[in-house]
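Letters go in sequence order (proteins before strands), and every chain restarts at 1. Just so you know, these numbers come straight off a predicted model, no measurement behind them.
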Amino acid sequence: MIKITLPDNSVKEFSGPVTGMEIAQSISPRLAKDVLSVSVNGEIWDLTRKITDDATVKLHTWNDREGKEAFWHSSAHLMAEAIEYFYPGTKFGIGPTVDVGFYYDIALPDNQQLTEKDLQKIEKKMLELARQKNDIVRQEISKKDAMEMFTKKHDELKQELIGELEDGTITLYNQGNFTDLCRGPHLPNTGYIKAIKLTSIAGAYWRGNEKNQMLTRVYGVTFPKQKMLEEYLVMLEEAKKRDHRKLGKEMELFAFSDAVGQGLPLWLPKGTQLRMQLEDFLKKVQRMYGYDQVITPHIGDVKLYKTSGHYQKYGKDSFQPITTPAEGEEYMLKPMNCPHHCEIYKVKPHSYKDLPIRMAEFGTVYRYEQSGELHGLTRVRGFTQDDAHIFCRPDQLKDEFKKVIDIIFIIFKALSFDNYTAQISLRDPKNPDKYIGTAENWDKAERAIIEACEEKGLNTITETGEAAFYGPKLDFMIKDALGRSWQLGTIQVDYNLPERFELEYIGADDKRHRPVMIHRAPFGSMERFVAVLIEHTAGKFPLWLTPDQAVVLPISEKYNEYAEKVSNLLNNSDIRTLVDDRNEKIGRKIRDNELKRIPYLLIVGEKEEESETVSVRRQGEGDLGVKQVGEFADLVAAEVREQLSGLYN
RNA sequence: GCCGGAGUAGCUCAGGGGUAGAGCGCAUCCUUGGUAAGGAUGAGGUCACGAGUUCAAUUCUCGUCUUCGGCUCCA
């Protein structure tokens with residue numbers, strides 16, 4: 001008798017060894033059709049593998065990550081089989097699943113290259129192989145036999161992987177004419193895979209190390225239904241429409257110029273308006289939280305960054321120092337604001353009663369990012385951090401940290417960013433050389449972050465080894481339109497810089513003490529934040545933020561003068577208003593300005609001019625009727641106040 | 001930085017060994033209009049840059065720059 005415990009704690013009994021598939025069949029035919037993999041005592045197994053002892057079991061379908069993983073993992077094998085068919089002798093590296101789909105890193109024989117055109121024939125072959133419904137069979141193998149097998153195939157990549165595995169844990173999976181080294185789990189057979197799209201080809205270093213050879217990485221995605229693939233492709237098209245690079249150009253928010261240099265964004269008037277709105281908003285919040293605004297230069301003496309340690313650590317990733325001709329002084333474009341802020345702290349001695357000191361600056365920094373890494377506004381070489389440094393006593397650290405979390409929430413609320421991930425990054429205890437500072441201080445800092453998050457009830461994930469070299473941090477990430485995750489807000493604890501800059505305060509005991517620093521940037525950088533904001537809103541910014549809030553549309557040129565008058569009145573009430581006085585019909589003006597995503601369209605003609613009114617049309621909602629100009633101004637002001645209510649409670 | 005695509009009008013793109021095309025935008029004119037595209041005419045390009053092959057290169061080859069998709073990196 002074998003007892004199988006299901007997630008609802010019900011227990012099913014079987015007379016002998018049983019497979020995941022048989023369990024599913026015993027529950028319902030529908031489940032048996034949908035099930036893709038099975039967890040046995042927390043370990044994910046093939047559906048066809050015999051369970052020989054009592055176990056706790058969970059069945060996974062397409063709706064579970066574990067189900068999709070088996071599906072895509074088998075798809076990677078199917079792709080490998082098709083590639084081996086066309087290119088015998090191909091060496092196979094690793095073929096894992098990703099967020100959506102899978103890839104396989106391969107090396108074709110004789111240095112052949114795969115091109116996008118080859119993908120179609122591979123897809124076709126995959127479909128053909130899938131339709132054969134070949135069973136995917138698991139086989140345990142000794143390390144020696146595995147090594148022998150892949151030596152015979154001249155696949156050094158797999159040999160390297162096998163070399164690192166322990167004997168007794170090695171498994172092969174076979175389907176049709178293809179056998180691969182693999183931990184599994186897999187689908188019962190290839191017939192589950194109904195729709196296939198190979199999406200792209202890219203180079204990738206073997207095992208992610210740039211010193212290793214470059215392999216060809218083929219990305220793909222598969223689905224159990226053709227319709228799901230079609231929906232996925234439509235979704236991709238939609239995402240492309242939100243791409244901030246496309247919208248930024250279209251909406252005249254920012255631009256790049258070869259003449260200026262790569263990765264150096266030019267903020268156009270509308271983008272600047274948007275950015276200043278964000279900056280003013282944050283300044284207001286920071287005033288409420290007791291921050292002082294400061295301004296520091298864009299360059300600094302190299303010695304400053306040697307003191308901070310940035311030069312040693314990131315000198316290669318900075319623009320090289322500028323040397324003054326006569327004296328030979330060396331200045332760097334500043335890659336960080338913190339050293340400057342430390343020097344501000346040192347301008348005068350501080351009492352424990354002065355702390356915390358919260359120093360904020362929209363500080364523009366320059367970093368030499370690798371050219372291949374530049375990407376729109378999300379990865380640039382010159383950008384402005386909404387930076388601040390909090391100098392506090394150790395006993396104030398946790399509270400200060402919590403207040404920063406509050407600020408980040410105010411911002412996320414004002415912009416409806418509700419789908420974020422909060423990640424605590426801790427040091428890797430196995431790799432102490434990567435970090436500076438004492439273990440004791442690291443412990444204190446890590447504990448402060450973890451406790452602050454707990455006390456704030458924040459849902460966090462924890463990553464070991466992701467800390468900055470000087471301290472642990474809490475990052476907030478948001479996904480862009482294409483599902484790529486970007487780090488926005490960040491809060492970092494630092495015991496190191498106060499040490500290096502010998503920052504001090506006089507305690508109640510009349511002795512010198514060292515303050516703790518918190519680095520924080522709720523937006524992260526203005527550039528990246530605006531990029532993510534564009535994709536998040538598809539360019540339809542909230543009213544308080546959008547560069548142009550209203551546009552006046554005269555019915556004909558006869559009413560241009562009245563339109564000007566209305567526009568002036570509104571601008572005087574701090575409502576950013578334009579006039580569209582082009583020689584076009586009203587229908588055309590409405591269409592064009594709707595497409596420009598301007599929230600309010602104000603139509604004025606004979607009736608409106610006579611009665612000192614405007615005919616109000618809200619973006620996407622149509623005609624709202626006629627209102628007095630003052631009445632409309634109040635309406636806009638009220639709406640803005642409502643959107644920013646988080647600021648006031 | 002590395003691997004692989006791409007670069008033609010302000011934008012989106014078609015074309016192709018004999019110095020170029022569309023739509024949108026822009027300009028001028030006609031039209032003066034009531035809630036998502038009125039009409040006519042016109043201007044605008046060293047076909048990214050540099051070299052090579054050729055009688056002839058925007059087209060073919062190589063290099064450079066930029067850009068896109070990945071990889072590595074990200075204080």
Checklist outcome for this item: Which of Asp580(A), Leu553(A), Val551(A) passes side-chain contact (heavy atoms from CB on, under 4.5 Å) with Ile590(A)? It is Leu553(A)
Checklist entry - A75(B) P sits how many Å from Arg528(A) CZ, rounded? => result 10 Å
Checklist entry - When you check the phosphate oxygens OP1 and OP2 of C71(B), does a side-chain N or O of Tyr219(A) lie under 4.0 Å from one of them? => result yes
Checklist entry - Can you check whether Ser200(A) has a side-chain N or O nearer than 4.0 Å to OP1 or OP2 of G70(B)? => result no
Checklist entry - In whole angstroms, how far is the C1' atom of G4(B) from the CG atom of Leu119(A)? => result 11 Å
Checklist entry - Can you name the nearest heavy-atom pair linking Ser257(A) to Leu266(A), along with the distance? => result CB-CD1, 3.9 Å
Checklist entry - Of the residues in residues 254-264 of chain A, which ones touch RNA chain B at a heavy-atom distance under 4.0 Å? => result Asp258(A), Gln262(A)
Item to check | Arg618(A) CZ - A36(B) P separation (whole Å) | outcome: 17 Å
Next on the checklist: With a 4.0 Å cutoff (strictly under), does any side-chain N or O of Lys558(A) reach OP1 or OP2 of G33(B)?
Outcome noted: yes
Next on the checklist: Is there a side-chain contact between Arg367(A) and the phosphate of A75(B), meaning an N or O under 4.0 Å from OP1 or OP2?
Outcome noted: no
Checklist entry - Distance check: side-chain N/O of His375(A) vs OP1/OP2 of U67(B), anything under 4.0 Å? => result no
Item to check | Under the 3.5 Å Watson-Crick or G-U criterion, the dot-bracket string of RNA chain B, with | for inter-strand pairs | outcome: (((((((..((((....[..)))).(((((.......))))).....(((((..]....))))))))))))....
Item to check | Phosphate OP1/OP2 of C24(B) contacted by Arg588(A) side-chain N/O (<4.0 Å) | outcome: no
Next on the checklist: Quick check on C74(B): is either OP1 or OP2 less than 4.0 Å from any side-chain nitrogen or oxygen of Arg379(A)?
Outcome noted: no
Next on the checklist: Is the distance from the ring center of Tyr345(A) to that of Phe501(A) below 6.0 Å?
Outcome noted: no
Checklist outcome for this item: Asp118(A) atom CG is separated from C3(B) atom P, nearest whole Å, by 19 Å
Checklist outcome for this item: Closest of C30(B), G70(B), G34(B) to the Ala202(A) side chain is G70(B)
Checklist entry - So, are Lys241(A) and Glu250(A) salt-bridged, with charged N and O less than 4.0 Å apart? => result no
Next on the checklist: Quick one about Asp475(A) and Thr490(A) (side-chain donor to acceptor, distance below 3.5 Å, no hydrogens or angles considered), yes or no?
Outcome noted: yes
Next on the checklist: Short of 4.0 Å, heavy atom to strand atom, which residues of residues 466-474 of chain A count as contacting RNA chain B?
Outcome noted: Ala468(A), Tyr470(A), Lys473(A)
Next on the checklist: With a 3.5 Å cut-off and heavy atoms only, can you find an N or O donor on one side and an acceptor on the other between the side chain of Glu608(A) and the base of G34(B)?
Outcome noted: yes
Checklist entry - Once you round it to whole Å, what is the distance between P of G25(B) and NZ of Lys249(A)? => result 18 Å
Next on the checklist: When the C1' atoms of C13(B) and A75(B) are compared, how many Å lie between them, rounded to an integer?
Outcome noted: 42 Å
Next on the checklist: What I'd like to find out is whether the side chain of Thr421(A) reaches to under 4.5 Å of the side chain of Phe476(A), using heavy atoms alone.
Outcome noted: no
Checklist entry - Is Gln487(A) touching bases, backbone alone, or none of the nucleic acid, heavy atoms closer than 4.0 Å? => result nothing
Checklist entry - Using atom P of each nucleotide, how far apart are G10(B) and G25(B) to the nearest Å? => result 16 Å
Checklist entry - Salt bridge or not for Glu361(A) and Lys334(A), using N-O below 4.0 Å? => result yes
Checklist entry - Does the distance from a Lys or Arg side-chain N to an Asp or Glu carboxylate O, for Arg358(A) and Glu400(A), drop under 4.0 Å? => result yes
Next on the checklist: Under a 3.5 Å threshold, yes or no: a donor from one side chain and an acceptor from the other, between Gln113(A) and Thr115(A)?
Outcome noted: no
Item to check | Glu594(A) bridged to Arg591(A) by N-O distance under 4.0 Å | outcome: no
Next on the checklist: Check this one for me: any side-chain N or O of Tyr314(A) less than 4.0 Å away from OP1 or OP2 of A75(B)?
Outcome noted: yes
